[in-house]
Amino acid sequence: MSPRASSSTLVGFATPGAIVFGLFFLLPVGAVLGGAFADGGSAFRRLAADPVFWNGLRGTLVLGTVAPLFSVIVGVAVALALLRLAPGLRTAALIAISLPLTFSGLIVAYGFILLLGRAGFVTLLLAELGFDPAVTGAFIFSPLGLGLAYSYYLVPRVVLIVLPAMGNFDRNQLLAARSLGAGGLRALIEVMLPQIMPSLVAAFCLTSAVAVGAYGTALALVGTQVNILPLFLYSKISETGTDLPAASATSLVLVAICAMVVAIGEAFRRSRG
Amino acid sequence: MTLQYDNVSYTYSGGTAGVFDVSLEIGRGELLAIIGASGSGKSTLLKLLAGFVKPDRGRILIDGHDVGHLAPEARRLGVVFQNYALFPHMRLWENVAYPLKVRGISRDERRSRAVEMLGRVGMHSRADDLPAALSGGQQQRVALARALVFEPQGLLLDEPLSALDAGLRMEMRDEILRVQRQSGIATLLVTHDQEEALSIADKVVMMRDGRLVQIGTPRDLYETPADASVAAFVGQSNLWPGEVSGDGMVSTDIGTLSCDTAGWAPGAKVTVLVRPERVEPITGGVDTAKPGEFAGTMAADRYLGPVRRLDLAVAGGFIRLETHLREPLTGASIPPGAIRLLPPT
């Protein structure tokens, strides 16, 4: 039996975490909560009556579902490819894949503009092949283009989450399934997928929460052309049309969406546990 | 159904390891064991037959039909893996029923057939358990049931007992043999455990560096090994370099031995093989003037229960022997009939 730590030791270890939690979660959420109800809760009524808010909510939910889903599919394929590499090469590839996580959203957006914007490298290259740059150059500024830019930094997160689970999977099970009569795809779906599903759900939830809250990339790429809640919130704190209680109420809605996504993931994990 | 390798070669990409020019046949109901050291190519042979790797040259035949181009799922071969490879998210009956499921058999029928098959390996009462609830031996039984439930054309066993402890290994060895005999199915057993191979196989193949060194019955491999490497791998052995010094005489580092030298010219270099259980212990006086009789002292004495395995230090080397005697030895005698001459190493 391991010896129990004394209460004072436990308090000592817990204090830094409690301070960070209080300062960077409870306090801001408290402030936002206070701000949202500053005018007696009418901010929520204004949001409910505003069709731009509902469009933004719809856009956020679509983006928060499609971009993570796409990222999970691409991330799983990348992880499968990584597992086939020699350990040294795999580590090098993993470092390269993780690089986007160190960039800010603004840098990612400008990178995509330089690559796929109206005067972007790829756009000009495609123009040489006869593609209309007005069409190809507009892609990155569309909701789909925004989803692609999000995936750029969501895919590495997926890879980092699913790789350990996929690496621990006993590949002999796939060979066993093949020898028992299942085709390659069927073996993957019926034997591997159920076992790595908890990590896929965790990856989806995390990347969904990131996509729902992402702001810099969207602002730089599409400005206010695409209606999503972070940009709606931005419009409520910009110089024209400032409405801080409505901005706080929008923040709470965003927090609620993220909390809901994480809760769904956690419920799934427990149901499998 | 027969399983056959016809001049098969396979080299792993980026290396020189693989299997080379292998021709081999496993008859209906026959259990053939492949033994060899790690890296000898025995598991590669199994992978080639299962379809997990494709041969560079040669043909893989099942009942006379070339299946070298077929995917594993089209070969209808049951495979039991070293780590069992049961599906942890499926109940035992679902594991066993999986090959029936992929063949489109109804749920009720596959459950009934899976439970019946589990009964054949004594596991029907655990049909609704998950694999994690089972011991290694129980998982092995389920893996065997799963590999046989769809009446495959052959059974491939890849080191099936190596993860089990010694007692259970013997029990499972008998179990595998019983089920294999009951099914009458051509079976390939890959193992590094020569005792396992000798005890249950109809034929044993010894591999080294990707090539077949010897094929024969367990008795053939033990009694008449093709060379010193087979003799050393299969059972315990005394191996001394020697030279045929005359008709019926061979000289070694420990002295001159009398034996059958038919087929060997005087002066020929040989390896002298003597199995330890064929060496006769001497507890009294030793007549070293007699060919094959040696005085010595005990250098190592291993108590193995029914027998002792001793290393006797004699002039020029050691003689390993096994004896039921409990008293100290003063020497050992090697009868001419115990000696087999092999090619020099």
Side-chain angles (χ1 to χ4, degrees), chain A residues 72 76 79-93 161-204 265-273, chain B residues 13-14 43 46-47 49-53 67 70-90 94-105 110 114 130-132 139 142-160 163:
Chain A
V72 166
V76 167
L80 276 173
L82 284 176
L83 289 172
R84 290 172 180 272
L85 299 179
L89 200 58
R90 185 189 308 163
T91 306
I161 292 170
V162 302
L163 194 64
M166 290 173 68
N168 288 333
F169 174 77
D170 171 20
R171 297 184 73 81
N172 272 346
Q173 289 180 37
L174 290 180
L175 294 180
R178 298 286 304 274
S179 71
L180 295 170
L185 185 63
R186 182 166 189 168
L188 273 177
I189 291 170
E190 291 186 342
V191 175
M192 187 179 191
L193 195 61
Q195 295 179 59
I196 63 166
M197 189 54 93
S199 72
L200 298 189
V201 171
F204 177 85
E266 188 62 17
F268 179 83
R269 194 183 64 80
R270 283 171 189 271
S271 75
R272 301 288 297 236
Chain B
S13 59
S43 286
L46 182 141
K47 288 177 188 168
L49 189 51
F52 302 151
V53 293
V67 297
L70 294 181
E73 56 268 30
R75 298 194 181 193
R76 220 155 62 78
L77 294 170
V79 184
V80 176
F81 291 84
Q82 184 175 357
N83 66 347
Y84 325 123
L86 294 179
F87 309 138
H89 57 295
M90 295 184 194
E94 290 170 324
N95 262 281
V96 176
Y98 188 73
L100 307 177
K101 182 183 176 185
V102 297
R103 285 167 176 79
I105 292 167
R110 61 178 191 257
L130 288 169
Q139 290 191 41
V142 176
L144 190 60
R146 187 179 66 175
L148 287 171
V149 73
F150 62 108
E151 295 171 0
Q153 305 189 86
L155 178 63
L156 315 183
L157 308 168
D158 187 7
E159 304 264 9

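Within every chain, numbering begins at 1; the chains are lettered A, B, ... in the order of the sequence lines, protein sequences first and strands thereafter.
Of the two parts of B:Lys101, the backbone and the side chain both hold a non-hydrogen atom closer than 4.5 Å to a non-hydrogen atom of chain A. There is no contact between B:Leu156 and chain A, counting heavy-atom distances below 4.5 Å. For chain B, the nearby parts of A:Asn172 are the backbone and the side chain; heavy atoms of each come within less than 4.5 Å.
The shortest side-chain heavy-atom distance between B:Pro131 and B:Val142 does not fall under the 4.5 Å cut-off. At least one side-chain heavy atom of A:Met192 sits less than 4.5 Å from a side-chain heavy atom of A:Leu80. Using a 4.5 Å heavy-atom threshold, the side chains of A:Leu200 and A:Val76 count as touching.
Per-residue heavy-atom pair counts under 4.5 Å with chain A were compared for B:Arg146, B:Arg75, B:Arg76, and the maximum is reached by B:Arg146.
The aromatic rings of B:Tyr98 and B:Phe87 lie perpendicular to each other, with more than 60° between the two planes, well past the 30° mark.
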